[in-house]
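A short worksheet on the structure shown next.
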2 protein chains.
Amino acid sequence: MSQYRTFTAAEAVEYAQRFGGLSDASSLVKAEEVGDGNLNLVFKIFDRDGISRVVVKQALPYVRCVGETWPLTLDRARLEAETLVEHYRLCPQHTVKVLHYDAELAVMVMEDLSSHRIWRGELAQGRDYPQATRQLGEYLAQTLFHTSDFYLHPHEKKARVIRFTNPEMCEITEDLFFTDPYENHPRNDYPAQLEADVAELRRDERLRNEVAGLKHRFFSHAEAHLHGDIHSGSVFVAEGSLKAIDAEFGYFGPVGFDVGTALGNLLLNYCALPGLLATREAADGREQRLQDVRTLWLTFAERFQALAAEKSRDRTLAWSGYVDAYLKKVFADSIGYCGSELIRRTVGMSHVADLETIKDEAMRIDCIRHALSLGKTLIVAAPHIDTVDTLIARIRQNG
Amino acid sequence: MSQYRTFTAAEAVEYAQRFGGLSDASSLVKAEEVGDGNLNLVFKIFDRDGISRVVVKQALPYVRCVGETWPLTLDRARLEAETLVEHYRLCPQHTVKVLHYDAELAVMVMEDLSSHRIWRGELAQGRDYPQATRQLGEYLAQTLFHTSDFYLHPHEKKARVIRFTNPEMCEITEDLFFTDPYENHPRNDYPAQLEADVAELRRDERLRNEVAGLKHRFFSHAEAHLHGDIHSGSVFVAEGSLKAIDAEFGYFGPVGFDVGTALGNLLLNYCALPGLLATREAADGREQRLQDVRTLWLTFAERFQALAAEKSRDRTLAWSGYVDAYLKKVFADSIGYCGSELIRRTVGMSHVADLETIKDEAMRIDCIRHALSLGKTLIVAAPHIDTVDTLIARIRQNG
């Protein structure tokens, strides 16, 4: 890492000229730092006509929103780039294209997606992309099936588990998802009005048993090469198009974690909509989110099932009754991880714009409380929910 | 591996003189090759008085019983030595002591255990070692707890998963345990009289779904650092003493695999006893095996539970209700893996002396058929058996 230095805007432009793969590279003239995440510098690189042409992303050696007191490995830039390259190989239509990366500088150059918008913002404004959930289900099925034991040779799988071992980023998830919200932890961050609800999380035995199981499986179940952070802020959408970005949490973990994170962010939006839109629009949006939950799961499960039937290398796992049984377990896991996403986004350190941007304070508290309560319900009910219709019924019952 | 050469007896003596850690090393004069396994040379090294003082074990670059057409990695010698060193650190009273190892020569020098006997032989002759199952339960609890996510820091755990990645030895288990017996495979080896029973294995949907789940968890669930092959031929016993040996299959896998392999070998003996001993002795021996099953599981579970309460590093997993829930899953896994051990030892390539040494052919076929049938029953019933008493009742029902 001896060559590492943090890029200035001018250096980002120069780097994009060299490695952006553009035939008119010299036309790149300006960089704008647009990173709104917690961990990285992100430069959009513009040409003379003011058109953004490529993106340069560089990992910082610390957690940006906390500062240099929370150091963080630069190896995550390699892990992110290699995860995206691998997912692009498996599902090019729904993965951002990496044009170049350099492990020492912890930097990568990616295709520009200015024609797209971050899905979270669109969802919060009630803008619907009718293909998005189907496309996200397709992305999850393609990337997770093709990196699972159904498909990979065991030697290749084991080599990849090693290559994508990601201790520091996994630790963030281990702590922020599964530990902090269920303890009295200084990193937690929630409105004072929710103190009683949060205290209840620490006392609920069934809940804590289930959360322990989710954490244990996150630690130990190397089922497939996950994106690891596939929330609606890691997804770009445009009309008919969807692209996953931001894969620095990529590692081999439980398939239900990726599916559950995606479902959880649909439900965070579901809980937030009454605070974001007028009554009628909010009601329509919520119905749409429930349909999105259905579409996302069914697309994922049907595509995974079809890929297993067509392309499984392992003859034992390919047995069709087993694929069904496995997907039932993945469904239960997904509901559990979905619930833990709802709780960690309301009680834990890292919040979502859907809820944070609700202007009316009482309404915001109500929506946050709803998300927290729904998360709890889903974690405890997860082992007992068999179908996506039952899941949707449980979500409706919860309010 | 450039220095690798297969040891002659004289070279084994010389090696033991240099690395056996004996103060009277020059008194070592003779080596006897005693390897009865499939994969290695094993030399007992004797002194001038004809007393065996240390053991030299060298991995061969192929499967011994098949020949040079089935090559096998020499890295297993490192994996075995490092697994034994680690397990000795965690449970010195029940692990053979490694005195020296050399990865390039694929060789290790171990303490001599001539005062002990292989447990399988003792079980087959109806000789009971009253402490053995309790001690084996202790070994399993100590080694598996201290290498699990309950105890290890996640960074350390991930580093060890990498270090103990064991693709070639795992592949043997993946094939011989979970694939071959359920297919028409040339490696299978069973009496012609069992053709119909074996054909039924290939048609039984519930069985094949469960076996697929066992295989999938063997592939992907890195719960703890397993011995990986803890059958009664990998265990030395003496009065009041038990020592695990032969850990070349060591890797991070599902805890239930080790527990199930141990249980399975008690039950292989249970099935074989009517062919090995007189009626009354056989009946007593079988009762003792059922008590052994109970003692092994209860010792393992109680010790694991106690260690989790005392020494868990992870506060989330340490939640007592979760330890119970986890041990329930381990129990179900153990019964399933136990069943798969019964089947792979009767239908698959690798057999056990308990059954093979039954002289009366009709009786031998009956005993083998019983083991096969019990294996099937246990695999299918595993998810529904909640207590060790229920397990024992199911074993009795099966005959």
Side-chain angles (χ1 to χ4, degrees), chain A residues 148-150 152-159 161-163 165-168 170-171 173-175 177-180 182-183 205-224 251-255 312 314-326 329 383, chain B residues 148-150 152-159 161-163 165-168 170-171 173-175 177-180 182-183 205-224 251-255 312 314-326 329 383:
Chain A
S148 75
D149 293 297
F150 288 88
L152 289 179
H153 187 283
H155 292 200
E156 173 65 19
K157 160 94 186 297
K158 289 170 177 76
V161 168
I162 292 174
R163 185 170 146 215
T165 296
N166 197 348
E168 297 203 42
C170 281
E171 190 175 18
T173 304
E174 289 151 13
D175 291 346
F177 266 73
F178 304 117
T179 311
D180 296 359
Y182 308 93
E183 298 187 346
E205 294 208 14
R206 284 201 304 165
L207 179 73
R208 293 196 56 171
N209 288 344
E210 291 300 327
V211 170
L214 292 166
K215 187 179 189 183
H216 200 180
R217 298 197 284 282
F218 186 85
F219 274 138
S220 57
H221 288 194
E223 296 175 9
Y251 89 113
F252 274 76
V255 161
S312 287
D314 191 277
R315 295 186 303 273
T316 314
L317 271 55
W319 194 254
S320 76
Y322 178 65
V323 184
D324 286 341
Y326 174 63
K329 282 199 186 177
Chain B
S148 75
D149 293 297
F150 288 88
L152 290 179
H153 186 283
H155 292 198
E156 173 64 21
K157 159 93 185 300
K158 288 170 178 73
V161 168
I162 291 175
R163 186 170 145 216
T165 296
N166 197 348
E168 296 202 43
C170 281
E171 190 176 19
T173 304
E174 289 150 13
D175 291 346
F177 266 72
F178 305 116
T179 311
D180 295 0
Y182 309 93
E183 296 188 346
E205 294 208 15
R206 283 201 303 165
L207 180 73
R208 294 197 56 171
N209 288 344
E210 292 300 327
V211 170
L214 292 166
K215 187 178 189 182
H216 199 181
R217 298 197 285 282
F218 186 86
F219 275 138
S220 57
H221 288 195
E223 295 175 10
Y251 88 113
F252 273 76
V255 161
S312 286
D314 191 277
R315 296 186 303 274
T316 313
L317 270 55
W319 192 253
S320 76
Y322 178 65
V323 184
D324 286 341
Y326 174 63
K329 281 198 186 179

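We name chains A, B, ... by the order of the sequence lines, and we start the count at 1 in each one. Keep in mind that the numbers below use all heavy atoms, side chains included, and drop hydrogens, waters and symmetry copies. What you see is a predicted model; the values in this text were computed from it and never measured.
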* Between the side chains of A/K215 and B/T316, does any donor sit under 3.5 Å from an acceptor? -> yes

* Heavy-atom proximity to chain B below 4.5 Å, by part of A/T165 -> side chain

* To do: Name the orientation class of the two ring planes belonging to A/H216 and B/Y326 (parallel below 30°, tilted from 30 to 60°, perpendicular beyond 60°).
  => tilted

* Under 4.5 Å, counting heavy-atom pairs only, tell me which of A/P167, A/S148, A/C170 racks up the most with chain B. => A/P167

* Segment of B/Y182 engaging chain A (4.5 angstrom heavy-atom cut-off) -> neither

* Asked: Heavy-atom distance under 4.5 Å to chain A: side chain of B/F252, backbone, both or neither?
  -> neither

* Asked: So, for A/W319 and B/N209, which heavy atoms are closest and what is the spacing to 0.1 Å?
  -> CD1-OD1, 2.6 Å

* **Distance (rounded to the nearest 0.5 Å) between A/K157 NZ and B/F219 CZ** => 8.0 Å

* Structure fact -> Cut-off 4.5 Å, heavy atoms of chain A, and the answer for B/R206 is neither

* **Contact winner vs chain B - A/P154, A/G321, A/S220, A/A318, heavy-atom pairs under 4.5 Å** => A/S220

* Side chain to side chain, B/H155 and A/E168, heavy atoms closer than 4.5 Å -> yes

* Residue among B/A224, B/G213, B/S320, B/A325 with most heavy-atom pairs under 4.5 Å to chain A -> B/G213

* **B/K158 and A/E174 ion-paired at < 4.0 Å** => yes

* Structure fact -> Checked B/V161, B/T179, B/D314 vs chain A; the most non-hydrogen pairs under 4.5 Å come from B/D314

* To do: Check the surroundings of atom CD in A/E205: do more than 12 heavy atoms from other residues, nucleotides or ligands lie under 6.0 Å from it?
  => no

* Tell me, for A/E171 versus chain B, whether the close heavy atoms (under 4.5 Å) come from the side chain, the backbone, both or neither. => side chain

* Non-hydrogen atoms of chain B under 4.5 Å away: do they reach the side chain of A/E210, the backbone, both or neither? -> neither

* Portion of A/D324 that has a non-hydrogen atom of chain B nearer than 4.5 angstrom -> neither

